[in-house]
K.L.:
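I am attaching a structure below and will ask some questions about it afterwards.
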Protein chains: 2
Amino acid sequence: MNNISKSKNEFSVVGKRIPKLDAAQKAMGRAEYIQDIILPEMVYGKILYSRHAHAKIVSIDTSKAKALPGVLSVITGEDVPEKMKMGFYKDNPPIKKGKVWSFRDEVAAVAAKTPEIAKKALDLIEIEYEELEGIFDPEKAMEKDSPLVHERHKSNVLKLPWKLHYGDVDAAQKKAAFIVEDRFSTTWVTHCCMGTSGAIALFDNSYNLTIYTNTQIPSLAQKDFLEALKAMGLKNKRVRVIKPTIGGGFGSKLDTYAYEHIAILLAHKCGKPVKLTFDRTEEFKATSTRQPAIIDIKQGCDKDGKLLFRDIKMVLDNGAHTSWGATTPSVMMMPITSLYRVKNVRYDAKCVYTNNTYAQAMRGYGNPQATFAIESSMDMLAKKTGMDPIEFRRINRNHPGDITPQDFKITTCGMDLCLDAVEKELRKDTSKEKGVGIGVASLIHVGGGARIYKSDGCGAILKMDDYGKVNVFTGGTDMGQGLDNITAQIVAEELGLFVEDINVIHTDTDVCPWDVGAHASRSTFVAGNAALGAAKKIKQKLLEFGAKILDTAPESLVLKNRLMFVPDDLEKSIAIDKLLRKAHFSPGGTMFVADHFYDPDNENMGKDFKGNMSMTYTFGVHGVKVKVDEETGKVAVLEYVAAHDVGRAINPLLLEGQVYGGVVMGLGYALSEEVVHKNGENMNANFRDYKLFTAKDAVKIKAPILETPDKEGPFGAKGIGEPGCVPTAPAVANAIYDAVGVRIKDLPITPEKVLAALKGKNN
Amino acid sequence: MNNISKSKNEFSVVGKRIPKLDAAQKAMGRAEYIQDIILPEMVYGKILYSRHAHAKIVSIDTSKAKALPGVLSVITGEDVPEKMKMGFYKDNPPIKKGKVWSFRDEVAAVAAKTPEIAKKALDLIEIEYEELEGIFDPEKAMEKDSPLVHERHKSNVLKLPWKLHYGDVDAAQKKAAFIVEDRFSTTWVTHCCMGTSGAIALFDNSYNLTIYTNTQIPSLAQKDFLEALKAMGLKNKRVRVIKPTIGGGFGSKLDTYAYEHIAILLAHKCGKPVKLTFDRTEEFKATSTRQPAIIDIKQGCDKDGKLLFRDIKMVLDNGAHTSWGATTPSVMMMPITSLYRVKNVRYDAKCVYTNNTYAQAMRGYGNPQATFAIESSMDMLAKKTGMDPIEFRRINRNHPGDITPQDFKITTCGMDLCLDAVEKELRKDTSKEKGVGIGVASLIHVGGGARIYKSDGCGAILKMDDYGKVNVFTGGTDMGQGLDNITAQIVAEELGLFVEDINVIHTDTDVCPWDVGAHASRSTFVAGNAALGAAKKIKQKLLEFGAKILDTAPESLVLKNRLMFVPDDLEKSIAIDKLLRKAHFSPGGTMFVADHFYDPDNENMGKDFKGNMSMTYTFGVHGVKVKVDEETGKVAVLEYVAAHDVGRAINPLLLEGQVYGGVVMGLGYALSEEVVHKNGENMNANFRDYKLFTAKDAVKIKAPILETPDKEGPFGAKGIGEPGCVPTAPAVANAIYDAVGVRIKDLPITPEKVLAALKGKNN
């Protein structure tokens with residue numbers, strides 16, 4: 001019973017366009033980012049990176065650096081405990097020893113009294129390298145005689161289980177009336193968080209660690225750092241993770257990184273708080289990207305346009321080290337098996353070592369790459385059948401009640417509503433202008449948590465004070481997306497308070513309960529349900545006490561506008577703050593505190609990758625109108641419609657913000673963004689050369705909100721954090737095709753590629 | 001059932017001499033005092049004080065100060081909202097307008113970019129005063145034709161109800177075989193906290209206030225600041241009080257002060273965080289002292305030495321403003337009515353306005369002044385009866401089961417044990433050396449909370465993580481006394497963990513539940529019971545889950561050494577951290593959080609001042625051996641024994657620390673400390689001229705701990721924060737009399753006074 005039965009107008013706080021509570025604070029420069037935090041005695045860390053993509057380290061001489069006045073500590077791979085390792089394989093030490101495998105590899109670090117001294121000290125570290133042959137193309141790296149990135153693995157292809165086959169693809173293929181087959185590819189793009197990465201580590205006198213760090217996973221980071229401490233011989237210690245205000249996450253902070261481990265090592269070594277923050281160049285060079293993918297896709301349908309099969313092979317550039325990014329194929333499976341009704345599905349992904357940078361989580365976690373191929377291919381298949389691409393999608397759309405081949409249980413699904421909304425908007429002007437075209441693409445994404453860890457839960461503790469104010473200690477992490485607002489609105493609604501009565505604390509593992517992290521668009525759903533659960537408990541306590549005071553039954557009481565009252569007997573009414581004081585000052589005293597741990601009833605995927613990983617799924621359809629300049633190849637986005645089935649919008653303003661941001665990120669992915677690597681080296685580590693879609697490039701976006709209140713979501717809500725950027729690139733590619741008849745299959749769709757394709761077409 | 005039945009040896013953590021967990025941190029300079037906290041954009045406040053003890057303010061010109069580059073804001077009384085008032089009468093504005101009543105009165109304040117500029121700006125404020133006659137002697141101030149400090153009050157004598165009469169003193173006096181009558185007096189002494197006062201105030205963009213401040217009363221301070229905000233027109237805002245590490249409290253931080261309100265006003269005015277900290281001179285001049293008292297006491301006993309009556313009249317110098325210090329007579333009533341068995345008691349105290357500084361809470365809250373008179377008089381009475389002073393006290397001592405005239409219910413009382421312990425120690429060497437003497441004095445103090453506010457409660461929230469660590473959010477305030485340790489030990493004992501597994505958070509009203517404050521020696525008892533209550537709840541939850549896992553009954557399980565096990569079936573055992581993870585990762589998940597609000601069953605005093613204000617009372621006897629140099633009048637303390645009935649020592653090491661500190665403070669009060677005022681002006685605002693008892697003056701103190709486990713106390717404990725300094729002065733005065741036959745009745749007992757008395761005696 002998550003209050004989904006109410007209509008929109010019956011809510012006081014939920015569904016309202018409440019601006020972000022911290023917006024002015026941020027605009028005024030008063031929010032505290034990692035860069036703003038100064039601790040007594042704090043010193044500054046800095047990391048030295050490899051000068052080669054692949055090389056032996058013959059010798060390191062740190063003596064000159066150590067001798068520089070103001071330097072407290074210089075460490076190399078020798079100073080890293082043997083068992084301190086990062087990544088999915090736990091095989092990546094925070095500073096490399098003996099060898100480097102990429103330009104991003106850490107070779108030394110210093111702590112000094114000022115950032116300037118630290119930088120100078122790096123220049124004084126003398127390293128002799130012996131260069132080795134590098135491999136930068138994952139397909140070449142798969143060849144038998146390719147040099148090995150890691151000799152110990154015997155092959156550059158990772159031994160990962162990303163392979164599934166549901167139904168019978170080969171049989172289905174034989175039955176298909178229409179088949180399309182093609183290769184698509186995507187390259188490196190990066191999160192471009194406005195707040196660069198950083199951490200401050202410090203030990204107390206018992207070697208308990210406090211670390212301030214930009215993280216989306218305070219609880220899992222705590223676990224990683226506890227393991228780091230163990231590796232350092234510090235067992236049974238306490239680790240406190242404090243997350244300052246984060247200037248953007250987008251998945252970049254879903255793991256722990258070398259800079260955090262190095263800050264810990266330096267803090268331990270010099271006995272002082274060590275701050276290590278990235279400048280923009282480091283942010284570009286030493287943080288992880290989205291996975292570049294080469295995708296071979298084959299789809300077929302019957303003569304009525306019903307999809308019969310989908311067959312995908314993928315090669316992913318794993319870079320030099322295996323991060324959690326190597327697990328994105330597990331999420332790619334979601335659109336591959338479950339976007340549209342398709343019974344016969346085959347998927348085989350290979351992650352391949354190269355001497356490039358390694359990728360990580362990024363908004364959508366593989367979904368944008370997969371959806372680019374699927375939805376480009378869908379358009380091609382529609383074309384082949386001669387059907388209208390929107391109608392073709394309508395035929396194949398998902399339905400409520402469906403169970404997909406991967407065993408996802410589709411409970412609510414407003415894909416039909418989204419298709420209608422997009423079509424209505426895009427086709428209101430039917431005049432066909434030269435070089436103008438429209439394209440659509442759909443998406444499925446987890447919208448009710450995602451069980452990828454043993455727990456998909458989140459805890460919340462609510463504490464009311466004598467003045468009708470509530471402090472919420474949530475496991476959920478606000479990283480700029482507005483979870484604090486959402487949490488405050490949910491709690492305010494349930495307790496009949498105003499949103500400004502609620503203060504959300506999400507910044508500190510000492511105070512906040514466990515949560516698996518801000519990923520998988522799960523926070524509104526999971527952290528929202530945790531806060532709602534605790535609010536329900538505290539409400540019950542309030543009603544029981546209030547019933548005594550007002551001489552009525554708890555069921556007859558309503559909480560609204562900071563009041564508790566009996567709706568049909570308004571004599572029986574008391575201000576909530578007054579009630580709280582009455583309870584507090586009654587003999588024995590009463591304190592209104594409640595806690596709730598919400599772990600959804602979703603499933604870990606089995607060995608066959610089947611399992612209902614989310615309690616519900618979010619659907620959406622994007623439509624775009626573009627104009628292609630056939631002289632220059634430049635693509636102008638004229639209109640953009642992003643329609644989503646969100647269950648219930650707790651805050652339409654913030655929801656639109658999430659969609660706008662996602663779409664703009666998606667447009668960058670589609671049209672301009674690319675981390676250029678040349679033999680493993682980042683060639684455009686700055687905002688002049690990395691073509692981020694900025695405010696001036698943004699287009700007017702319409703974001704129709706389609707509500708299908710989900711019985712599991714808090715007040716019916718589903719997640720919407722990632723979807724905005726998922727189907728953008730294929731929608732744009734489809735529109736370009738509609739406009740000028742060329743299909744670009746390699747992201748980003750730069751003017752050069754469009755021009756070349758136009759030239760090819762015209763020849 | 002507070003676990004009092006166990007013997008000392010059955011405990012794992014309770015009763016152990018565990019050094020203060022933050023000791024090394026403090027010694028290394030790593031603790032964060034208010035002085036250490038730097039916030040982004042922070043500016044500095046400074047206060048200008050009156051140049052006269054009593055004067056009209058004719059004009060203030062702040063134009064030059066305002067024009068000084070770097071000055072952000074200059075405020076005077078005109079800028080203080082009409083309703084912003086402090087003190088017991090709520091009649092003291094943080095900046096005075098039109099008039100000043102003491103040298104300590106605030107007349108203006110500035111905020112500037114640096115402390116230096118702020119100081120310079122103060123010098124540029126031009127004020128014209130018209131001096132008025134001041135009154136500095138409270139007895140003179142009581143005279144009819146005395147000038148009035150506050151015209152509106154029509155009298156310098158405050159209208160306060162400090163008057164009681166139990167039994168029939170006049171009738172008892174007639175029956176008395178022996179009577180003594182005398183006048184005693186005490187002067188100003190001050191807390192001398194090593195950490196000076198300070199606050200940082202800042203508003204967010206919604207005008208919610210965060211204030212970092214050195215306070216012993218976070219919850220009540222929050223209430224005061226909410227009222228201050230209301231006075232400023234900021235209604236329904238949130239106030240967050242964060243207490244940094246405090247360098248000593250001793251009662252000095254039991255109220256909110258002008259500097260805090262001024263920091264708030266300045267922060268509001270200039271829109272930036274404002275830090276206002278005192279230097280040592282300001283700390284001496286602008287913080288409150290202990291109340292100077294003139295005490296007329298008359299006591300009588302029957303021929304067997306049994307006390308028949310006690311009759312006390314008191315005049316207290318209230319200073320120029322009425323703080324909570326004006327309520328100390330309500331606590332003085334405790335020793336007056338209840339130290340020793342005495343049925344007929346009369347007490348009449350008058351607080352009198354003068355143009356001196358005003359006093360406030362200080363360790364003992366009036367008890368040291370009253371006990372100085374009572375115990376000096378007891379010795380004189382013993383002498384008059386010809387009885388041994390220790391024996392005389394034994395005859396009159398309190399007993400368990402007594403109900404005193406003020407209706408205090410004495411449950412446990414180890415006064416007999418204390419008398420025995422002190423006598424044994426002091427009289428082991430019976431040789432009588434010239435100029436050497438011994439003296440004793442006893443004490444009663446609240447040991448189980450003190451209901452002076454509507455609630456005497458404290459809340460605690462406990463949160464366990466996956467690693468067997470516990471975070472305790474307590475209302476209780478550690479101000480250096482070691483409450484964190486005590487709380488950690490109580491929780492560790494109950495949950496079978498180690499003390500280092502427990503982290504206590506007590507610093508933040510957003511996170512911590514309500515508590516009435518660190519006063520009345522109540523924290524171990526009340527905050528201890530709150531933490532214990534929450535620990536019991538979480539333990540029950542652990543046992544229930546563990547019973548399922550281990551296939552046994554919850555009652556058969558024991559928690560000890562980080563393990564849960566069945567003592568007579570050790571196969572059934574699981575590490576607590578493993579159990580927590582099992583629970584967390586079970587379907588649905590479980591989080592181990594519990595909260596408890598403990599409000600003792602004690603009573604507010606009624607109109608007749610009767611009522612059992614504490615759940616239990618702490619008793620003690622101090623004995624001292626001194627040597628008086630008859631040439632110089634100097635008193636050397638040779639031996640000191642301070643025996644206390646503490647219920648149960650949760651941590652004997654910290655308990656001794658409290659006693660040592662109290663005794664040294666008491667010795668300063670007895671022998672050397674005095675804030676010298678001349679016509680209202682502080683003449684010795686520095687550590688050269690204020691004769692604080694320092695480490696080099698400290699003597700070897702023995703602190704026998706007598707345990708009488710109290711059924712209401714956590715593990716049987718009673719409070720011990722204040723007692724150490726309560727009977728010190730009379731014990732010393734009694735020893736001096738024993739040594740050289742002169743009785744000094746006015747504190748401090750300086751060599752000059754001793755010499756003068758010896759001269760008087762010899763003449």
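Order of the sequence lines fixes the chain letters, A, B, ..., with proteins taken first and strands second; residue numbering starts at 1 for each chain.
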K.L.:
Heavy-atom cut-off 4.5 Å, strictly under: side chain, backbone, both or neither for L226(A) against chain B?
P.N.:
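For L226(A), the contact with chain B is made by the side chain alone.
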
K.L.:
Counting heavy atoms not belonging to F498(A), are there more than 12 under 6.0 Å from its CZ?
P.N.:
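Yes, because the 6.0 Å sphere around CZ of F498(A) holds more than 12 heavy atoms from other groups.
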
K.L.:
In Å and rounded to the nearest 0.5 Å, what is the CE to CG distance from M28(B) to N205(A)?
P.N.:
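Between atom CE of M28(B) and atom CG of N205(A) there are 6.5 Å.
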
K.L.:
Over all heavy atoms of both residues, which pair between S455(B) and H584(A) is shortest? Give the atoms and the distance, please.
P.N.:
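Of all heavy-atom pairs spanning S455(B) and H584(A), the closest is OG-NE2, 3.4 Å.
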
K.L.:
Tell me the closest heavy-atom pair linking D599(B) and G588(A), and the distance in Å.
P.N.:
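For D599(B) versus G588(A), the nearest heavy atoms are CB-O, 3.3 Å.
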
K.L.:
Between T509(B), N208(B), N236(B), which is the residue that forms a side-chain hydrogen bond (donor to acceptor under 3.5 Å, both in side chains) with K469(A)?
P.N.:
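Considering T509(B), N208(B), N236(B), a side-chain hydrogen bond (donor to acceptor under 3.5 Å, both in side chains) with K469(A) is found only for N236(B).
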
K.L.:
Among K237(A), K272(A), R562(A), E500(A), which residue forms the greatest number of heavy-atom pairs with chain B at distances under 4.5 Å?
P.N.:
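Of the options given, most contacts go to R562(A).
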
K.L.:
So for K223(A), is it side chain, backbone, both, or neither that comes closer than 4.5 Å to the heavy atoms of chain B?
P.N.:
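Answer is both: backbone and side chain atoms of K223(A) are under 4.5 Å from chain B.
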
K.L.:
Between P513(B) and chain A, which part of the residue has a heavy atom less than 4.5 Å away: side chain, backbone, both or neither?
P.N.:
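Both the backbone and the side chain of P513(B) come within 4.5 Å of chain A.
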
K.L.:
Which bit of A460(B) is near chain A, if near means a heavy-atom gap under 4.5 Å: side chain, backbone, both or neither?
P.N.:
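Contact with chain A involves the backbone of A460(B) alone.
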
K.L.:
Is Y453(A) close to chain B through its backbone or its side chain, or both, or neither, when contacts mean heavy atoms under 4.5 Å?
P.N.:
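Side chain only.
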
K.L.:
Which region of E41(A), side chain (C-beta onward) or backbone (N, CA, C, O), has a non-hydrogen atom less than 4.5 Å from a non-hydrogen atom of chain B, or is it both or neither?
P.N.:
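Interface part for E41(A): side chain.
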
K.L.:
If I measure from the heavy atoms of chain A, does D577(B) come under 4.5 Å with its side chain, its backbone, both, or neither?
P.N.:
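Looking at D577(B), nothing touches chain A.
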
K.L.:
So, taking the atom named CG in N471(B) and the one named CZ in R238(A), what distance separates them when rounded to the nearest 0.5 Å?
P.N.:
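Between N471(B) CG and R238(A) CZ, I get 7.0 Å after rounding to 0.5 Å.
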
K.L.:
With a 4.5 angstrom heavy-atom cut-off, is it the side chain or the backbone of D601(A) that approaches chain B, or both, or neither?
P.N.:
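When you check distances to chain B, no heavy atom of D601(A) falls under 4.5 Å.
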
K.L.:
Looking at chain A, which one of D466(B), V593(B), T590(B) has the largest number of heavy-atom pairs inside 4.5 Å, strictly under?
P.N.:
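So the answer, after comparing D466(B), V593(B), T590(B), is V593(B).
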
K.L.:
Which bit of D456(A) comes within less than 4.5 Å of chain B, counting heavy atoms only: side chain, backbone, both or neither?
P.N.:
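Looking at D456(A), nothing touches chain B.
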
K.L.:
I'd like to know whether NZ of K20(B) has more than 12 heavy-atom contacts from other residues, nucleotides or ligands below 6.0 angstrom.
P.N.:
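More than 12 heavy atoms, drawn from other residues, nucleotides or ligands, come within 6.0 Å of this atom.
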
K.L.:
Using 0.5 Å steps for rounding, measure from the CG atom of D465(B) to the CH2 atom of W514(A).
P.N.:
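Reported to 0.5 Å precision, the distance equals 12.0 Å.
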
K.L.:
Between K463(A) and chain B, with a heavy-atom cut-off of 4.5 Å, which part of the residue counts as in contact: side chain, backbone, both or neither?
P.N.:
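Contact with chain B is through the side chain of K463(A) alone.
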
K.L.:
Could you have a look at G459(A), S206(A), P40(A) and say which one has the most heavy-atom pairs with chain B under 4.5 angstrom?
P.N.:
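The candidate making the most pairs under 4.5 Å is P40(A).
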
K.L.:
Calculate, to the nearest 0.5 Å, the distance between atoms CZ and NZ belonging to F585(B) and K454(A) respectively.
P.N.:
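Rounded to the nearest 0.5 Å, the CZ-NZ separation comes to 4.5 Å.
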
K.L.:
Quick one: pull up CD1 in I37(B) and CD1 in I38(A) and give me the separation to the nearest 0.5 Å.
P.N.:
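It is 12.5 Å, given to the nearest 0.5 Å.
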
K.L.:
Which atom pair, heavy atoms only, marks the closest approach of E32(A) to L39(B)?
P.N.:
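Scanning both residues, the minimum pair turns out to be OE2-CD2, 4.1 Å.
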
K.L.:
Among C512(B), P600(B), G468(B), who wins on heavy-atom pairs under 4.5 Å with chain A?
P.N.:
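Looking at each option in turn, the highest pair count goes to C512(B).
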
K.L.:
Are there more than 12 heavy atoms of other residues, nucleotides or ligands under 6.0 Å from atom NZ of K578(A)?
P.N.:
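12 or below, so no.
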
K.L.:
About how many Å separate CD1 of I461(A) and CG of L462(B), when rounded to the nearest 0.5 Å?
P.N.:
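Taking CG in L462(B) and CD1 in I461(A), the distance rounds to 10.0 Å.
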
K.L.:
Looking only at heavy atoms and a cut-off of under 4.5 Å, which of D36(A), D501(A), I505(A) has the most pairs with chain B?
P.N.:
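Most pairs with chain B among the choices: I505(A).
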
K.L.:
For K541(A), look at atom NZ and say whether over 12 heavy atoms of other residues, nucleotides or ligands are found less than 6.0 Å away.
P.N.:
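More than 12 within 6.0 Å, yes.
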
K.L.:
Taking NZ in K537(A) as the centre, count heavy atoms belonging to other residues, nucleotides or ligands within less than 6.0 Å. Is the count above 12?
P.N.:
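Yes.
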
K.L.:
Which bit of C458(B) comes within less than 4.5 Å of chain A, counting heavy atoms only: side chain, backbone, both or neither?
P.N.:
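C458(B) has no heavy atom closer than 4.5 Å to chain A.
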
